[in-house]
Amino acid sequence: MRLERKAHEPVLATIAKETEEDFDSEDSSESDDADDDINPDLLEEKNLVMESVDSNVDTIECKEKDEYGNNSRKTLKTEVNEDKREKIPESKDKTLTKNVAPAKPDSEPAIFKEVKRDPGIQAARLQLPILAEEQAVMEAIHDNDVVILCGETGSGKTTQVPQFLYEGGYTTKGLIGVTEPRRVAAVTMSRRVALELNMSTNVISYQIRYEGNVTDETIMKFMTDGVLLKEIENDFFLSKYSVIVIDEAHERSVFTDILMGLLSRIVPMRKTQGNQLKLVIMSATLRVEDFTGNTRLFPSPPPVVTVESRQFPVTVHFNKRTPDDYLNEAFRKVSKIHRTLPPGGILVFVTGQAEVHGLCRKLKKTFPLISEKTKSTHNVEGKDGNSDEEDDFDLDNYPVNPAVEERDAEDEDLGEEIGDESNEFDLDDSAFTSLIDKNLPMFVLPLYSLLSSQQQAKVFQPPPEGTRLCVVATNVAETSLTIPNIKYVVDTGMVKRRYYDKVTGVSSFKITWTSRASADQRAGRAGRVEPGHCYRLYSSAVFTNDFEEFSAPEISRRPVDDLVLQMKDMNIDKVVNFPFPTPPDVTALQSAERLLLNVGALEEKKTVKGNINAVITPLGRAMAKFPVSPRYSKMLCLGHQENCMEYVIAIVSALTVKEIFADDSDREAGEISKEERRKISRLRRTWAGQGDAQKLGDAMVMLRAVGASEYAGCTEKFCAENGLRHKGMVEIRKLRAQLTNSVNLVNADAKVVLNPRMSPPSPVQCKALRQICLSGLGDHVARKSPAGNNPQLKNAYSCMSLDEPVFIHPSSALFNVLPEYVIYQEVVETSKLFMKGVISVQPEWIPVLVPSLCTFSKPLEDPPPRYDSEAGVVKCHMTCTFGPKSWQVPPQELEYPTGLDRFKWFARFLLDGKVIPVFSKFVPFLLSAPVTMIKSWSKLQPRTEVLLGELVSGGADSKMALKVAWKKDPMFLLAALKQWIPQSKHAELSLQWPPKE
DNA sequence: GAGCACTGC
């Protein structure tokens, strides 16, 4: 274990300061002594962090222990709050600890939970480097509110630290909570720890989005980071927990980042409450400056404890020259490894599905799994689960061996690679033998996230006898999936990332160099079972000069509207001041606020100081309850119209789960997929239907896809036959269930049920659904541009926030329909700017459903304003322009704009007897014409002024507001109205006051 | 007339 001076020192000082009053001077100085004793040594060791444990460290640990031991005894006498210190085993020898503890009669007995572990498990645990550091880790946690624990993969920290905390008695004070960035990790870790502790999963449990096994007995809970974030929304202080462990903090998922920001505030608050919450941040890399060096996050930097990893050494080989074609280079490198190096799996990192399949195909052709001889005598199809790939080799025109073609190119590369040492693994050409390729079978497997579960599962099986496993993977293999028995990693150094334009919101995908940290992570995948080798297909100069050190955290690369809404719902008004580990871009925050204002989740209010602040509205509060993008939660909030809720839920689920169509993901790219693609394309058109259904466009396709697959029981077979991605449909199914639940929770009257036999929406419902979608996607409207003579602009649309023309994506159901006005889910830039997820809308809906983006004229005189007795409001016609480009949209009758004139018109209709029916009998006796109210000379008459003044003071400019005013004061308006009728009628009016209807 | 890495509520 190492404690870094910079990080550690101020913390001890802070503790001493905070408890100053309770300490006598001697105690304080001892605290300082401990500090001084530790740090000089540590300073020298700063550069040795990755080296193995040496004797120096043991000395340090002994000193620490003594000092902390002294401190703890003295603290006990003076501190009122119970100190957990005495519960921590003070020695690595557990037996000793247990015997020693009762010898302190004045202290609470040490809590040390004994665990009866399986001897096999215990033996395996003892191999883990972190086990040697148990005491150091626990002391650091004990002595500090927040501790950062650094350990590379293989240190065992995820499974062991929760067990240390259990043994140290933390479960007697509350739950131990552990967050993971992925669902599988939460589930498997909880099972593993339950097994190691020899305890039931009722006690060591997990909770992920759609499922969990938490019970009343649960003492330790593994969960995804988003689950804990949701819990904070309901219980800000996390009062159930005694300690929170954030695992994989270096991955910097948005939820992890926000959790850290929140916990940095919750931890000190809990301390003040006298109910201490501990925070342990676990990170695989030493990239912790964002946490330690961020004084807004942690005013006094938490100590960093580093543990060794048990990774096997991986020798890294750089290319001398960086090739232009990294795919071709990857093919050559894999070929060389396969031909010349000892057995062991190969893992290749490329950037996308197409690359995965392309490389897989080339490798399979070069190193066929079945030798020609075997093939001619046996029908081996299906023998090893690799059958579908063999189709390629049955073709008569068996391809020329690419490896042979490229020998010349290989020769140029002789000896170009530089290795750390000169040995066989350097792959120079002397090792390049003339073995015949078909005698070197290679078991080639693709791996990427969208691949079906069965296909993915193949990489975990041992390859067929006598073959070498070669997995061609995207970034999934970097963190999410760990492939066993990989000895060689081939790293192209490339990664495909999604980019969002912070201003326009347009997304695009770019292939770039990955980061040094990520390249190291890839290399590490070769050293999990034995020493391995990583072949980087780029030069060390490129690695050093062109790679960024770390990839930017997710929060700085994506829109943050959902996060801003969640935070506003937690009453964090000034999101800019939130202690983010890395703050999101200011423009991203502004865009988020603008969007939330547009959908009505926020409204601008003046603060006491006169600043304008965007505060959450009741609608925003309701929206925040839904675990989907704010655009979609707005749709859910309007979904009750025309009984559309079940459809809205299905559409929102499908919009949230991307890529519901399988495309050619399960097949090799090539001729077959073209046929397949046409079929899917036809199917989409069929699903889109005609008329009102077709106008619902891609939302209709989604609705049909969800409806049909649900009807068929969401089976794999149905999905495969209809070009649907099964994993995606299963996710939609779960999300529908969750959203149905949420809708019923937010609105008890909703009473939506999850209907497996959802019938298609009626024409009226289709129209309502388009309107509901418009209300959420009001800032994603596009209208057809006149093409003129420019063929480039054929079928082009103009969208409100972009200068360039956009086009309906060819995969859309509306691609050939080309409606005048559409809304879209997103714009993606590829060869053009394409709108995806397209729905047709009517321009006259815009002023009604997206008023926040409209600029209205003054109310028109013709047609004149009228009173809508059904709605109880004054309505008028206004011309309207929409969006920053001021598109003219048809004039609409809308509620009269708020302001004095609205009161005048309301008064006028009131006097007309239109608002209160009982008043109509007095209309013939009115002393002035009601129209006086809206005349410019109305001020000449005192009764107009009195009535207007009364209405304004009561805020009564609608029927609803009038009723509210009468609740407060039943005599409201009576005197003012009396002035409009003769004295003789006053008594009669009084008798009817306040009016019933 | 096209081609999207990855993940959490």
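Just the heavy atoms: all of them, side chains too, but no hydrogens, waters or symmetry mates, feed the values below. Naming convention: chains lettered A, B, ... in sequence-line order (proteins, then strands); numbering from 1 in each chain.
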TODO: Choose from B/dC9, B/dT7, B/dA5 the nucleotide whose nearest atom is closest to any side-chain atom of A/Arg209.
DONE: B/dC9
Task: Beyond-backbone contact of A/Asn234 with A/Ile232, side-chain heavy atoms, under 4.5 angstrom - done: no
Open item on the list: So A/Ser449, base contact, sugar-phosphate only, or nothing? Heavy-atom distance under 4.0 Å.
Closed with: sugar-phosphate
- [ ] Ignoring backbone atoms, establish whether A/Gln566 has a side-chain N or O less than 4.0 Å from OP1 or OP2 of B/dC9.
- [x] no
TODO: Would you kindly give the CG-to-C1' distance between A/Leu259 and B/dT7, to the nearest whole Å?
DONE: 14 Å
TODO: Would you indicate what A/Thr474 reaches in the nucleic acid, counting non-hydrogen atoms under 4.0 angstrom: base, sugar-phosphate, or nothing?
DONE: sugar-phosphate
- [ ] Mind checking A/Ser507 for me? I need base, sugar-phosphate or nothing, with any heavy atom below 4.0 Å counting as a touch.
- [x] nothing
Let me have the donor-acceptor pairs involving side chains of residues 824-836 of chain A, under 3.5 Å, with sequence neighbours excluded, atom names and distances please.
unit_1   : atom_1 : unit_2   : atom_2 : d
A/Gln825 : NE2    : A/Tyr632 : OH     : 3.1
A/Gln825 : NE2    : A/Leu655 : O      : 3.0
A/Glu826 : OE1    : A/Arg498 : NH2    : 2.4

Open item on the list: When you measure only distances, ignoring hydrogens and angles, does the side chain of A/Glu554 come within 3.5 Å of the base of B/dG8 through a donor and an acceptor?
Closed with: yes
TODO: With the side chain counted from C-beta on, respond yes when A/Ser591 and A/Pro559 share a heavy-atom pair under 4.5 Å apart, and no when they do not.
DONE: no
Open item on the list: Which nucleotide wins on minimum distance to the side chain of A/Pro627, given the candidates B/dC9, B/dA5, B/dC6?
Closed with: B/dC9
Open item on the list: In whole Å, I'd like the distance from the CG atom of A/Asp225 to the C1' atom of B/dT7.
Closed with: 9 Å
Open item on the list: By nearest heavy atom, map A/Arg685 and A/Val495 onto DNA chain B; which one lands nearer the 5' end?
Closed with: A/Arg685
Open item on the list: Measuring from the side chain of A/Pro810 (C-beta onward, heavy atoms only), which nucleotide among B/dC4, B/dC6, B/dG1 has the closest atom?
Closed with: B/dG1
- [ ] Among the candidates B/dA2, B/dG1, B/dA5, find the nucleotide nearest to the side-chain atoms of A/Arg498.
- [x] B/dA5
Open item on the list: Against the six-membered ring of A/Phe547, is A/Arg516 placed for a cation-pi contact (under 6.0 Å from the centre, within 45° of the normal)?
Closed with: no
Open item on the list: At 4.0 Å (heavy atoms only), tell me whether A/Thr256 reaches a base, stays on the sugar-phosphate, or touches nothing.
Closed with: nothing
Open item on the list: Counting only side-chain heavy atoms from C-beta out, which of B/dG3, B/dG8, B/dA5 sits nearest to A/His809?
Closed with: B/dG3
TODO: Look at the side-chain N and O atoms of A/Arg497 and state whether any lies under 4.0 Å from the OP1 or OP2 oxygen of B/dC4.
DONE: no
- [ ] Kindly indicate whether a cation-pi arrangement holds for A/Arg557 with A/Tyr500, taking the cut-offs as under 6.0 Å to the six-membered ring centre and within 45° of the axis.
- [x] no
TODO: Would you mind reading off the distance between A/Gln456 atom CD and B/dA5 atom P, rounded to a whole angstrom?
DONE: 13 Å
Open item on the list: Please report the distance, rounded to the nearest Å, between CG in A/Leu481 and P in B/dT7.
Closed with: 7 Å
TODO: Measure from the side-chain heavy atoms of A/Arg182 and tell me the nearest of B/dG8, B/dA2, B/dC9.
DONE: B/dG8
TODO: Whole angstrom is fine here: how far is it from CD in A/Glu248 over to C1' in B/dC6?
DONE: 14 Å
Open item on the list: Quick check for you: among B/dA2, B/dC9, B/dG1, whose closest atom lies nearest to any side-chain atom of A/Ile208?
Closed with: B/dC9
Open item on the list: So, taking the atom named CZ in A/Phe626 and the one named CG in A/Leu565, what distance separates them when rounded to the nearest 0.5 Å?
Closed with: 11.5 Å
Open item on the list: Regarding A/Val476, tell me which of base, sugar-phosphate or nothing describes its non-hydrogen contacts under 4.0 Å with the strands shown.
Closed with: sugar-phosphate
Task: Spacing of A/Asp562 atom CG relative to B/dG8 atom P, expressed in whole Å - done: 15 Å
Task: Side-chain N or O of A/Thr479 closer than 4.0 Å to phosphate OP1/OP2 of B/dT7 - done: no
Task: All pairs passing salt bridge (Lys or Arg N to Asp or Glu O under 4.0 Å) where residues 252-263 of chain A contributes a residue, at least two apart - done: A/Arg252-A/Asp257, A/Arg252-A/Asp290
Task: Distance in angstrom units between A/Lys510 NZ and B/dA5 P, rounded - done: 15 Å
Open item on the list: Under 4.0 Å, heavy atoms only, any strand: does A/Phe834 hit a base, just the sugar-phosphate, or nothing?
Closed with: sugar-phosphate
Task: Atom pair distance, as rounded to whole Å: OH in A/Tyr797 and P in B/dG1 - done: 14 Å
Open item on the list: Checking contacts here: which listed nucleotide (B/dT7, B/dC4, B/dC9) is nearest the side-chain heavy atoms of A/Lys230?
Closed with: B/dC9
